[in-house]
Amino acid sequence: MKKQHKDLNQNGNPNFSKNQTKVQSQNKGQTQNQNQDSLNQQINLITSDLYYNIDHITKTLGNSSDIVIRDFQAGKNGDIKLGIIYTDGLIDSSFVQDFILDTLMVKIRNSEVDLKDLNLPNWFEIIKSFSLPVGGIEEITDFRKLFLHVLSGDTVLLVKGFSKGMVIGSRDWVDRGVEEPSSQTVVRGPKDGFTETLRTNTALVRRRIKDPNLWLETKQIGEKTQTDIAIMYLKDVANDKTVTELKSRINRIKIDAILESGYIEELIQDEVYSPFPTVYNTERPDAVAAAILEGRIAILVDGTPFVLIVPALLVHFFQSSEDYYQRADIATLIRILRYISFFLALLTPSLYVAISTFHQEMLPTPLLISLASQREGVPFPAIVEALMMELMFEILREAGVRMPRAIGSSISIVGALVIGQAAVEAGFVSATMVIIVSLTAICSFVFPSNSIAMAFRMLRFLFMILAATFGLYGIILGLIVMVLHLNSLRSFGIPYLSPNAPFILQDQKDNILRMPLWSLSKRPRLISQKDTDREGRISPKPPR
């Protein structure tokens with residue numbers, strides 16, 4: 001009877017075999033999905049189980065109050081179960097409400113399309129390609145990328161039955177806006193500056209260079225912070241070897257946190273034990289655009305307005321953006337003043353110590369008598385006097401920087417006047433020393449870059465010690481060692497003293513002298529070795 005009943009079911013129902021095959025196929029598919037989900041859970045991949053994914057995200061993020069995780073249903077009859085994850089405060093809430101939740105929960109339900117009639121594999125693609133009226137959508141398959149995007153301000157959408165998710169660009173956080181740079185001000189030139197938002201900074205550069213060869217490569221650095229950094233350069237202008245070397249150094253960075261571009265600057269610089277910087281930093285978009293057009297590479301870091309530029313040569317630290325906005329003769333005069341200020345800031349205190357201690361015969365008799373009369377009541381030698389006053393001024397400078405802006409400058413000025421005058425009247429220092437320290441301080445503020453000014457401030461103390469020990473011979477010895485050290489430095493393979501050592505004649509047009517713009521027909525030779533001609537230059541003869 002059992003055999004006849006079995007034959008009857010098979011012969012009497014022509015669809016029995018087809019249904020049985022379908023059931024077996026479905027069971028096999030479910031088994032495969034379960035096996036795949038089990039494997040995904042072991043290797044930290046997104047599974048097709050929506051509620052497991054949500055539970056895993058909640059536990060991993062510690063049920064943080066700023067992480068919004070919500071599951072909901074879409075379709076006319078609620079056929080599709082979805083989950084949405086984002087970080088409150090880093091996203092555009094109106095964007096998420098209007099273009100994601102409203103679209104999936106309301107507009108699809110009121111549309112004529114019934115998702116129930118569609119096959120399961122089509123749901124994900126229909127939601128991605130037809131249902132979401134948003135710009136950037138990216139597919140992800142593992143939780144590591146999911147956490148990175150969620151904590152960066154993106155919104156992640158998960159669909160039940162699919163072991164992948166959708167990343168929807170919804171970043172929008174508080175930005176202080178584009179303001180004038182505080183550290184590199186100019187009289188004539190653009191007044192906009194970089195901010196702490198990476199995308200705003202890249203847009204400021206794109207606004208100035210509308211060339212399709214301006215390439216932008218982004219990656220994350222920092223095991224804990226996952227800080228976004230961007231490398232910008234002109235493909236047909238930048239040296240390929242320099243680009244490759246920069247990427248190699250960045251890829252070798254292994255650190256928990258990158259909180260400012262100074263972290264990267266210290267980790268990729270050529271020489272660690274040197275007071276001279278081999279990486280340039282600026283917060284001016286026009287300076288970055290000009291450097292990229294010369295063939296250099298910009299490194300932008302999310303969370304800081306200071307952008308790094310490589311390679312950086314010594315001559316670059318004496319140049320300002322304003323040099324190219326003024327006439328050539330005015331720019332040349334200002335550059336000469338900067339080089340004079342360099343020698344005054346570096347050598348003035350040491351020359352005073354050397355001459356007053358060892359080489360009094362070099363001074364005219366009236367000046368020597370005047371200096372001797374001033375130092376008659378000073379109980380300290382010249383080197384102690386100089387070190388004490390320089391140290392006091394450095395303390396006042398730092399105090400002025402750390403104080404509130406409203407009173408910082410006034411306190412530093414009043415402090416310098418009061419302490420200087422009181423020190424002279426009390427007989428601790430001579431009036432000449434106060435004048436020399438003041439002149440040195442003023443000259444140290446002339447440089448456009450603060451990093452090179454810091455190098456001269458440190459070397460000034462070393463030169464004073466050499467002057468007190470060996471006199472003028474010590475100063476000359478220190479200069480020789482400094483020049484030899486500068487000749488040994490490289491910035492991503494390029495000599496630090498270029499175009500002076502090695503001497504490049506064509507690059508002298510934009511070195512100490514700044515020739516007219518119509519004569520600057522070539523890019524710096526050692527920086528840009530491919531496209532050295534400046535496109536779109538005007539006639540060599542100035543217009544009449």
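Keep in mind that what you see is a predicted model, and the values were worked out from it rather than measured. Sequence positions, counted from 1, serve as the residue numbers for this chain.
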Pair Lys164 + Glu139: basic N to acidic O under 4.0 Å: yes

Closest non-hydrogen atom pair between Ala298 and Val288, with its separation: CB-CG1, 3.7 Å

Any donor-acceptor N/O pair, Thr200 side chain to Thr195 backbone, under 3.5 Å: no

Residue pair Asp507, Arg525: steps toward the side chain to side chain contact (heavy atoms under 4.5 Å, CB included) verdict: CA-CA 7 Å; Asp507 291 349; Arg525 194 186 70 178; 4.1 Å; yes

Residues Ile57, Phe147; criterion side chain to side chain contact (heavy atoms under 4.5 Å, CB included); working and verdict: CA-CA 8 Å; Ile57 295 170; Phe147 293 132; 4.0 Å; yes

Test item: side-chain donor near acceptor, Arg397 and Ser444, under 3.5 Å: yes

Any donor-acceptor pair under 3.5 Å from Thr197 side chain to Arg199 backbone: no

Closest approach of Ile299 to Val307 (non-hydrogen atoms, all atoms of both residues): O-CG1, 3.4 Å

Carboxylate-amine/guanidinium proximity below 4.0 Å for Glu217 and Lys247: yes

Arg284 side chain vs Gln184 backbone, donor-acceptor pair below 3.5 Å: yes

Minimum-distance pair of heavy atoms, taken over all atoms of Ile292 and Val237: O-CG1, 4.4 Å

Chi angles and distances behind the side chain to side chain contact (heavy atoms under 4.5 Å, CB included) call for Ile309, Asn281: CA-CA 6 Å; Ile309 299 175; Asn281 67 83; over 6 Å; no

Contacts of type side chain to side chain contact (heavy atoms under 4.5 Å, CB included), residue Ala290, not counting sequence neighbours: none

Glu196 side chain to Thr304 side chain, donor-acceptor N/O pair below 3.5 angstrom: no

No-hydrogen, no-angle side-chain donor-acceptor test under 3.5 Å, Ser94 and Asp92: yes

Glu138 vs Ile168 side-chain heavy atoms within contact, under 4.5 Å: no

Any residue meeting ring pair (Phe, Tyr, Trp, His ring centres under 6.0 Å) with Phe95, in chain and number order, not counting sequence neighbours: Phe99

Donor-acceptor contact present, side-chain Thr87 to main-chain Val150, <3.5 Å: yes

Lys/Arg-Asp/Glu bridge criterion (N-O < 4.0 Å) met for Glu245, Lys241: no

Main-chain N/O of Ile67 paired to Asp88 side chain as donor or acceptor, under 3.5 Å: no

Check: Arg144 side chain, Asn44 main-chain N or O, donor-acceptor pair, under 3.5 Å: no

Least distance between heavy atoms, Arg296 atom then Pro311 atom: CD-O, 2.9 Å

Validation row: Ile297, Val243 side chains within 4.5 angstrom (heavy atoms): yes

Heavy-atom side-chain contact between Asn201 and Pro305 under 4.5 Å: no

Test ring pair (Phe, Tyr, Trp, His ring centres under 6.0 Å) applied to Tyr86 - qualifying residues, sequence neighbours left out: none

Sidechain N-carboxylate O distance under 4.0 Å for Asp323, Arg338: yes

Geometric class of the Phe276/His485 ring pair [parallel <30°, tilted 30-60°, perpendicular >60°]: tilted

Residue pairs passing the salt bridge (charged side-chain N to carboxylate O under 4.0 Å, His left out) test where at least one lies in residues 252-261, sequence neighbours excluded: none

Test side chain to side chain contact (heavy atoms under 4.5 Å, CB included) applied to Ile140 and His149, step by step: CA-CA 10 Å; Ile140 56 173; His149 283 287; 4.2 Å; yes

Pairwise salt bridge (charged side-chain N to carboxylate O under 4.0 Å, His left out) hits with a residue in residues 301-318, at least two apart: none

Side-chain donor or acceptor of Ser248 paired with backbone N/O of Thr244 under 3.5 Å: no

Ion pair Asp510/Lys522, N-O distance below 4.0 Å: no

Any Leu267 side-chain heavy atom under 4.5 Å of Ile255 side chain: yes

Leu293 backbone acceptor or donor facing Arg523 side chain under 3.5 Å: yes

Flag, side chain of Glu265 to backbone of Leu308, donor-acceptor distance under 3.5 Å: no

Minimal non-hydrogen separation, Thr47 against Tyr52, with atom names: OG1-CD2, 3.4 Å

Whether Phe317 and Tyr496 hold their rings parallel, tilted or perpendicular, with breakpoints at 30° and 60°: tilted

Heavy-atom donor-acceptor pair, Gln226 side chain to Gly222 backbone, under 3.5 Å: yes

Close side-chain approach of Pro495 and Asn487, heavy atoms under 4.5 Å: no

Partner residues of Glu283 under the salt bridge (Lys or Arg N to Asp or Glu O under 4.0 Å) criterion, sequence neighbours left out: none

Distance-only donor-acceptor check, side chains Ser170 and Asp154, under 3.5 Å: no

Salt bridge present between Arg457 and Glu394 (N-O < 4.0 angstrom): yes

Which atom of Ala230 lies closest to which atom of Thr202, heavy atoms considered: CB-CG2, 4.5 Å

Tyr325 side chain to Asp286 side chain, donor-acceptor N/O pair below 3.5 angstrom: yes

Heavy-atom check, side chain of Ile250 versus side chain of Ile229, under 4.5 Å: yes

Donor-acceptor pair between Asn239 and Tyr233 side chains, under 3.5 angstrom: no

